[in-house]
2 protein chains.
Amino acid sequence: MGKEENYKLNRDKCAYGHCAHNHGYGNGHHESCVSLVPIFNHLEDEQMDEIVEVIKSSSYKKGEIVYSAGDKSDSLYIVRSGRIRIYRLSESGKEQLVRILKPGDFTGELALFSESIHESYAEAVEDTKVCMITRSDLQNLLMKFPSISLKILSEFSRRLEESEKQTARVSTEKVETRIASFLTECVNKKDGSMEFVLPMSKKDLASYLGTTPETISRKLSELEDEGYIRQGPHRKIKILDLDGLYDA
Amino acid sequence: MGKEENYKLNRDKCAYGHCAHNHGYGNGHHESCVSLVPIFNHLEDEQMDEIVEVIKSSSYKKGEIVYSAGDKSDSLYIVRSGRIRIYRLSESGKEQLVRILKPGDFTGELALFSESIHESYAEAVEDTKVCMITRSDLQNLLMKFPSISLKILSEFSRRLEESEKQTARVSTEKVETRIASFLTECVNKKDGSMEFVLPMSKKDLASYLGTTPETISRKLSELEDEGYIRQGPHRKIKILDLDGLYDA
DNA sequence: CGTTAGGTTGAAGAAGTTCAAAGAAAGTGG
DNA sequence: CCACTTTCTTTGAACTTCTTCAACCTAACG
């Protein structure tokens with residue numbers, strides 16, 4: 001479990017290594033995640049100050065578990081740096097990768113508003129720093145600054161849309177199609193460039209797409225043989241025929 | 001498309017057949033859905049009045065489409081009576097059932113807060129009445145009554161949790177397990193009773209669980225042969241061995 | 001009461017999983 | 001920086017699960 005400190009106490013002392021990067025950037029918010037994440041960074045300085053008051057900070061070493069299924073959930077976690085893997089274990093014990101959090105993303109939402117038990121696991125993929133807000137503090141903030149709710153609602157609806165799309169994909173498309181559309185989306189996110197690095201291991205990709213590493217490996221080879229893509233070392237992938245990939 | 005009327009103008013005239021059921025129930029809110037749905041019914045009467053002002057009402061005959069993928073989305077739809085099927089069409093043209101809305105449920109959320117194009121289809125399963133609030137009206141309400149946001153956030157997080165669970169199920173469990181856990185949940189919702197009616201056709205169930213009607217039919221027969229359940233007429237199902245079903 | 005949509009059943013074939021084994025990459029500690 | 005260990009990845013082959021198609025049956029609906 002990560003060490004937890006009251007961030008308020010440290011906000012001007014820069015007790016963390018990462019602060020070095022933030023020195024001299026202007027206003028006093030750079031030291032916390034408040035000014036970094038989309039759900040808060042639209043607020044006025046004074047409002048941010050109020051949030052900073054209730055935020056706690058915590059860090060996790062690579063491989064550490066942030067929370068487990070069954071844990072009581074009473075905080076919202078916001079990633080400040082690093083990456084967090086969110087996954088589930090099915091009844092039959094298989095792992096299913098739900099999503100990977102990057103800086104600015106948050107998790108812990110489910111339990112904040114409805115139930116209070118986590119159903120998924122959160123694991124630091126690399127050394128990771130997070131900000132935490134407790135349920136009650138957050139609810140106070142939401143009542144006080146309704147615009148935060150709108151931001152979170154916006155993020156929720158985006159995520160819901162994505163999750164439902166993912167369900168539809170896994171339940172109606174065959175593996176090859178799922179892989180193809182995943183690759184296509186990687187390109188879209190890269191905005192044009194036909195070359196990119198897979199955002200996760202093929203093992204995780206298999207888990208995310210609802211298949212096995214063996215099948216991923218085979219299907220990628222097939223796509224390569226058919227001339228749609230080329231695989232480089234270190235998970236590098238180059239799309240050779242985007243349109244062909246779509247139809248495949 | 002359903003006929004649309006400004007509900008405000010009619011709220012005291014009872015232009016709708018259903019109003020007959022509501023006459024004489026006490027306060028003036030029973031005629032609209034405001035007092036019926038969880039996201040609004042916790043408010044004060046005066047606040048509800050304000051919402052009633054901006055609500056429009058609309059009704060759809062069985063089989064009518066409420067919205068289609070690709071339509072611009074600018075309203076939240078709240079089901080007042082009837083049922084609405086939400087489904088997606090995959091790139092390969094297959095239909096995937098996302099959820100079925102009952103009275104009190106809402107949809108249209110995605111586009112209200114982030115994108116503005118529907119990715120799914122909404123179809124009235126039976127004659128259905130809905131209340132609608134436009135995006136801008138809703139956003140005003142949310143800023144004015146922050147507690148509404150909390151309700152919607154709560155519903156979103158519940159739905160998100162459910163959707164992610166569904167994704168995990170479809171991607172890690174085999175069909176028989178998915179069916180078994182679906183049946184188990186039907187029992188849980190019925191709170192104890194081991195007998196219930198499938199909430200949808202087996203065709204829709206197949207689409208919801210990511211399989212085919214043929215497979216559903218076969219697996220249910222198998223479960224029956226193995227003594228876990230008994231199928232009655234009219235989609236009636238009785239669970240004979242709940243624990244066995246869990247492990248199967 | 002006939003028409004249409006939903007449901008069942010069989011048989012054949014496709015798609016994906018599993019297991020085993022070996023090779024490649026990444027992390028660990030000297 | 002190297003050697004070592006661990007984890008990830010690839011490949012083959014047997015096997016399982018599920019889909020598909022076609023036929024037939026049954027319930028729902030105008």
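Lettering follows sequence order; numbering is per chain, from 1.
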Which residue is it: A:Arg85, A:Arg235, A:Arg83, A:Arg99? I am looking for the one with a salt bridge (Lys or Arg N to Asp or Glu O under 4.0 Å) to A:Asp204. A:Arg85
Proximal nucleotide (of [options]) relative to the [X] side chain:
X        : options                : value
B:Lys219 : C:dG27, D:dC18, D:dT10 : D:dC18
A:Ser201 : D:dT9, C:dG7, D:dT11   : D:dT9
A:Lys174 : C:dG7, C:dA15, C:dT9   : C:dA15

Side-chain touch A:Leu223/A:Leu183, heavy atoms, less than 4.5 angstrom: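 Yes, their side chains come closer than 4.5 Å.
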Do A:Ser157 and B:Phe156 have side-chain heavy atoms sitting under 4.5 Å apart?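 Of all side-chain heavy-atom pairs linking B:Phe156 with A:Ser157, at least one is under 4.5 Å.
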Go through the side-chain N and O atoms of [X] and [Y] and say whether any donor and acceptor fall under 3.5 Å apart.
X        : Y        : value
B:Tyr67  : B:Thr107 : yes
B:Ser181 : B:Arg169 : yes
B:Ser57  : B:Arg80  : yes

Counting only side-chain nitrogens and oxygens, does [X] get under 4.0 Å of the OP1 or OP2 atom of [N]?
X        : N      : answer
B:Lys94  : D:dT20 : yes
B:Thr215 : D:dC18 : no
B:Lys202 : C:dG7  : no
A:His234 : C:dA26 : yes
B:Thr212 : D:dT20 : no

To the nearest angstrom, how far is [X] atom [atom1] from [N] atom [atom2]?
X        : N      : atom1 : atom2 : value
B:Ile179 : D:dT17 : CD1   : C1'   : 13 Å
A:Ile216 : D:dT10 : CD1   : P     : 10 Å
B:Lys236 : D:dT26 : NZ    : C1'   : 17 Å
A:Lys203 : C:dT17 : NZ    : P     : 15 Å
B:Glu173 : C:dG16 : CD    : C1'   : 16 Å
A:Glu214 : C:dA22 : CD    : P     : 16 Å
B:Glu176 : D:dT16 : CD    : P     : 15 Å
B:Arg218 : D:dC24 : CZ    : C1'   : 14 Å

Does B:Arg178 get its side chain close enough to the base of D:dT17, under 3.5 Å, for a donor-acceptor pair? no
Is there a donor and acceptor pair, one atom on the side chain of B:Arg235 and one on the base of D:dT26, closer than 3.5 Å? no
Touch check for B:Gly63, heavy atoms < 4.0 angstrom, all strands: base, sugar-phosphate only, or nothing? nothing
Bend angle of the helix from C:dC1-D:dG30 to C:dG30-D:dC1, end axes from five pairs each (to 10°):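 Between the axes fitted at each end of the helix from C:dC1-D:dG30 to C:dG30-D:dC1 lies an angle of 70°.
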If you measure from CE on B:Met194 to SG on B:Cys186, what distance do you get to the nearest 0.5 Å? 12.0 Å
Out of curiosity, B:Thr184 OG1 to B:Tyr246 OH, how far, rounded to the nearest 0.5 Å? 5.5 Å
First of A:Ser171 and A:Ser221 reached from the 5' end of DNA chain D, by closest nucleotide: A:Ser221
